[in-house]
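Quick notes on the structure that follows.
Remember, it's 1-based here, ligands and their atoms both numbered in the order they're listed. Only a predicted model underlies this, so the values are computations on that prediction, with no experimental measurement involved.
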Amino acid sequence: MNWIVPLADVKFGVEEQEAVRAVLESGWLTMGEVTAQFEMDFKAYTGARHAFAVSNATVGLHMACLALGIGTGDEVIVPSLTFVATANAVRYTGAQPIFADITSENDLTISLDAIKQAITPRTKALMLMHYAGYACDMPAILQWAQEQGLMVIEDAAHAVGSFLQEKHLGTWGNAGVFSFFSNKNLSTGEGGMVVTDDDALAAQFKLLRSHGMTSLTWDRHQGHAWSYDVVTTGYNYRIDEIRSALGRVQLEKLDGNNARRSALSARYRELLAELCPALGLPFEGHRGISAHHIMPVLLPRGAQRVRFMERLKEQGIQTSIHYPPVHTFSAYRQTATGAFNLPITDEVAAREVTLPLYPTMTEDQVQLVTLAAARALEC
Ligand SMILES: *Cc1c(COP(=O)(O)O)cnc(C)c1O
């Protein structure tokens with residue numbers, strides 16, 4: 001398809017090209033100085049005490065679960081309105097994800113009341129997801145989790161550049177995980193970052209990321225070590241220097257790109273309120289500063305979503321759905337012990353459509369999409 005307005009778009013400039021070229025010329029491709037620098041930059045940006053660059057956010061979530069000691073027999077409360085990786089990562093450890101509903105049609109993040117209803121003696125942790133970069137109710141959720149002795153992992157895949165009370169999302173819980181997948185706000189193709197303020201967790205992350213080995217190729221190359229021990233069953237969840245180089249440049253551009261996303265989202269809100277008043281616009285007046293990863297809207301009750309999306313497609317406009325809820329997938333339905341009671345998730349997931357949003361989008365394109373949506377709604 002040759003979209004007039006694609007759902008998302010990434011543009012790399014000469015800065016990225018030069019950074020990648022420098023890595024290729026250096027001849028050192030994995031876990032070297034560039035990755036260490038990327039991690040330093042990311043710590044400085046987020047305020048996290050520790051940061052570990054990984055191959056992607058999915059393995060980062062897996063590592064976070066493992067480092068927190070989550071395993072067979074444990075339950076982890078997760079939203080269903082998320083990308084399936086959130087729940088899959090829990091399953092990798094043998095633990096069971098337990099789905100909790102979102103807050104409302106305006107706040108698509110996990111509901112603390114629903115979390116309270118989902119808790120059992122087996123609950124070990126919560127895995128939260130900051131939808132579109134909008135913050136979950138961290139102060140209330142964390143306070144309650146602490147009282148209950150539960151750990152908190154933040155799936156911050158949407159939230160690079162999101163803040164609540166001036167604290168970066170992903171740095172509130174025990175561990176936070178960011179995605180640098182192609183269409184995310186900071187893009188390295190595949191890639192991710194795990195952050196924590198906890199020194200013991202950080203030590204686990206370092207081991208788990210690299211085969212459980214006590215010294216790394218880089219240390220040996222530097223002449224710091226001759227051999228190594230393996231102290232746990234680790235993985236190869238590393239990133240490479242090429243992606244870290246891309247990530248460093250992308251991090252420098254992040255604030256500018258996110259400001260652009262924010263301005264375009266605001267323009268969407270103005271125009272949609274005026275021209276498509278029947279559309280729901282979630283996160284109106286939401287807490288914190290969002291990274292505006294995506295632009296979700298809710299169709300009126302009873303509207304035909306496929307028809308709406310087809311009409312936009314006919315006009316060259318790409319849309320998407322965030323998300324088909326995880327509890328409705330075959331792989332998750334089958335293992336359900338009881339019926340899922342997620343009425344708000346079901347309602348929102350049936351009506352949600354994601355409109356195009358990316359930093360190089362123009363205000364004219366926002367208007368084009370809005371007008372097309374207004375026409376499509378009259379079907
Ligand atoms: C993209 C995404 C992930 C997975 O990220 P990868 O880097 O592709 O593994 C996990 N959770 C959410 C909410 C995401 O949007």
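Between the side chains of His62 and Tyr237, at least one donor-acceptor pair of N or O atoms lies under 3.5 Å. Counted by atom type alone, Thr345 and Asp101 present one or more donor-acceptor pairs between their side chains at under 3.5 Å.
Each of Leu281, Leu355, Leu279 was checked for a side chain to side chain contact (heavy atoms under 4.5 Å, CB included) with Tyr268, and the lone residue meeting it is Leu355.
The salt bridge (charged side-chain N to carboxylate O under 4.0 Å, His left out) pairs that include a residue from residues 173-192 number zero, where partners must be two or more places apart or lie in different chains.
For His130, the ring-ring contact (aromatic ring centres under 6.0 Å, His included) test picks out no residue, with sequence neighbours left out. For Tyr45, the ring-ring contact (aromatic ring centres under 6.0 Å, His included) partners are His168, not counting sequence neighbours.
Closer than 4.0 angstrom to ligand 1 lie heavy atoms from Asn56, Ala57, Thr58, Thr82, Phe83, Ala85, Thr86, Met129, Asp155, Ala157, His158, Ser179, Phe181, Lys184, Gly191, Tyr323.
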